[in-house]
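The next block holds one structure in the form of structure tokens; read it before the comments.
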There are 2 protein chains.
Amino acid sequence: MKISTKGRYGLTIMIELAKKHGEGPTSLKTIAQANDLSEHYLEQLIAPLRNAGLVKSIRGAYGGYILTNEPSKITAGDVIRVLEGPITPVEGIEDEEPAKRELWIRIRDAIKDVLDNTTIEDLASHSDDSETDGYMFYI
Amino acid sequence: MKISTKGRYGLTIMIELAKKHGEGPTSLKTIAQANDLSEHYLEQLIAPLRNAGLVKSIRGAYGGYILTNEPSKITAGDVIRVLEGPITPVEGIEDEEPAKRELWIRIRDAIKDVLDNTTIEDLASHSDDSETDGYMFYI
DNA sequence: TCTAATACCTATCAATTTACTAAGGATTTT
DNA sequence: AAAATCCTTAGTAAATTGATAGGTATTAGA
């Protein structure tokens with residue numbers, strides 16, 4: 001019941017690109033170093049993002065990646081779907097019996113509601129906030 | 001980003017026990033056959049449920065399991081937490097930077113809201129409803 | 001034109017998780 | 001005693017995760 005590093009690092013990439021939106025390409029090396037991640041691993045994550053048309057690459061020296069769209073037009077859900085697959089708490093919801101099926105649908109819709117209403121711009125603009133914002137970490 | 005068969009079969013077990021609540025123990029064999037599941041595998045799932053005090057076992061011939069509590073007092077969240085661990089879309093929410101941390105918290109709270117407000121009684125009483133209830137299966 | 005920086009591609013791999021299966025021991029009812 | 005049941009440990013094939021390794025192709029700038 002987890003979002004893996006694929007989805008999480010994917011969001012990290014998109015947030016970094018959003019911060020530089022309109023200022024030319026950002027290299028993966030820069031993003032990897034700024035976030036202490038493996039550049040090689042990020043290469044594998046950005047390939048699907050490029051194939052999905054969320055980012056555009058600029059090859060050669062001083063190249064890198066840029067967003068193909070406004071950060072306000074790209075949602076967290078767009079990114080997560082590309083890297084993690086369809087948003088759903090179980091495979092084959094249709095095959096479940098009615099009571100559980102409805103439960104999975106309510107969970108799915110709740111997650112979709114959050115992911116599809118959070119833009120990369122939202123994430124980029126809050127990514128420098130200093131501390132915990134008063135949220136508690138209960139489970 | 002999935003709930004595995006552990007949590008799903010765990011709910012199945014609890015729903016079956018809820019249907020027979022107050023009528024004496026139900027054996028795993030019965031539950032396994034009714035749902036076309038491996039009895040051996042269910043044994044491994046019910047062990048944590050017993051350790052957590054959600055069910056009580058009655059050994060020997062004509063034994064089985066019973067709920068330790070009213071079906072209306074047990075939530076889907078209780079069962080999922082025992083079998084899948086804490087409800088959270090990522091490990092170590094605290095370690096994430098503010099923007100993503102808030103996103104994970106909103107998702108976690110949305111899931112918790114559904115799971116903690118759905119009782120086993122709710123699930124058992126709707127588990128015989130015939131069809132799809134007009135829900136769509138978009139993603 | 002050379003060089004460095006960058007994207008792009010394919011393969012491999014260790015660790016973990018998932019979803020079981022196998023085999024039998026312990027306990028209780030009939 | 002026999003049968004039904006819970007209980008426990010061990011093993012395992014397949015998939016996934018989170019990388020690492022080792023390149024090739026392309027381009028900007030000196």
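To find a chain, count down the sequence lines: A is the first, B the second, and so on, and within it residues start at 1.
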Got a list of protein N/O to nucleotides 19-22 of chain D N/O distances below 3.5 Å?
from    : atom 1 : to       : atom 2 : distance (Å)
dA19(D) : OP2    : Tyr9(A)  : OH     : 3.2
dT20(D) : OP2    : Ser38(A) : OG     : 3.1
dT20(D) : O4     : Gln44(A) : NE2    : 2.4
dG22(D) : O6     : His40(A) : ND1    : 3.4
dG22(D) : O6     : His40(A) : NE2    : 3.3

Next item on the list: Output yes when Arg81(B) and Asp116(B) qualify as a salt bridge under the 4.0 Å nitrogen-oxygen rule, no when they do not.
Entry: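 Counted as a salt bridge, because a side-chain N and a carboxylate O are separated by less than 4.0 Å.
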Check: Can we say Glu96(B) and Arg8(A) salt-bridge, meaning some charged N sits less than 4.0 Å from an Asp/Glu carboxylate O?
Finding: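 Result for this pair is yes, salt bridge flagged.
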Between [atom2] of [N] and [atom1] of [X], the distance in whole Å:
| X | N | atom1 | atom2 | answer |
| --- | --- | --- | --- | --- |
| Lys56(A) | dT6(C) | NZ | C1' | 17 Å |
| Lys2(B) | dT16(C) | NZ | P | 23 Å |
| Ile3(A) | dG18(D) | CD1 | C1' | 17 Å |
| Leu83(B) | dT18(C) | CG | P | 11 Å |
| Glu84(A) | dG18(D) | CD | P | 8 Å |
| Asn51(A) | dC9(C) | CG | C1' | 12 Å |
| Ile13(B) | dC6(D) | CD1 | C1' | 13 Å |
| Ile46(A) | dT6(C) | CD1 | P | 14 Å |

Note to self: Is the shortest side-chain heavy-atom distance between Thr119(A) and Ile74(A) below 4.5 Å?
What the structure shows: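 The answer is no; the side chains never approach within 4.5 Å.
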Check: Would you say Thr75(B) and Thr118(B) make side-chain contact, with heavy atoms under 4.5 Å?
Finding: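 A side-chain contact is absent here, since even the closest heavy-atom pair is not under 4.5 Å.
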Below the 4.0 Å mark, does [N] have OP1 or OP2 next to a side-chain nitrogen or oxygen of [X]?
| X | N | answer |
| --- | --- | --- |
| Lys6(B) | dA19(C) | no |
| Ser57(B) | dC7(D) | yes |
| Ser4(B) | dA19(C) | yes |

Checklist line | Enclosure of Lys20(B) NZ (heavy-atom neighbours >12, cutoff 6.0 Å) | finding: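 Count not over threshold, so no.
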Next item on the list: Just call it for Arg8(A): base, sugar-phosphate, or nothing, with non-hydrogen atoms closer than 4.0 Å on any strand.
Entry: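 Nothing, no heavy atom under 4.0 Å.
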Note to self: Does either side chain, that of Ser4(B) or that of Tyr9(B), offer a donor lying less than 3.5 Å from an acceptor on the other one?
What the structure shows: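 Per modelled atom types, Ser4(B) and Tyr9(B) side chains form no pair under 3.5 Å.
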Return the polar atom pairs (N/O with N/O) between nucleotides 28-30 of chain C and the protein under 3.5 Å, or none.
from    : atom 1 : to       : atom 2 : distance (Å)
dT28(C) : O2     : Ala61(B) : N      : 3.2

Item checked: Asn35(A) side chain to Ala32(A) backbone, donor-acceptor under 3.5 Å ->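 Between the backbone of Ala32(A) and the side chain of Asn35(A) there is no qualifying donor-acceptor contact (under 3.5 Å).
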Check: Between Ser27(B) and Gly64(B), is there a donor-acceptor pair closer than 3.5 Å when you use the side chain of the first and the backbone of the second?
Finding: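 No; judged by distance alone, with no hydrogens or angles, the pair does not exist.
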Check: Nearest of dC6(D), dT18(C), dT6(C) to any side-chain atom of Lys29(A)?
Finding: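 The listed nucleotide nearest to Lys29(A)'s side chain is dT6(C).
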Note to self: Under the rule for side chain to side chain contact (heavy atoms under 4.5 Å, CB included), what residues qualify as partners of Ile66(B), not counting sequence neighbours?
What the structure shows: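 In terms of side chain to side chain contact (heavy atoms under 4.5 Å, CB included), with neighbours along the sequence ignored, Ile66(B) is linked to Pro25(B), Lys56(B), Ile58(B).
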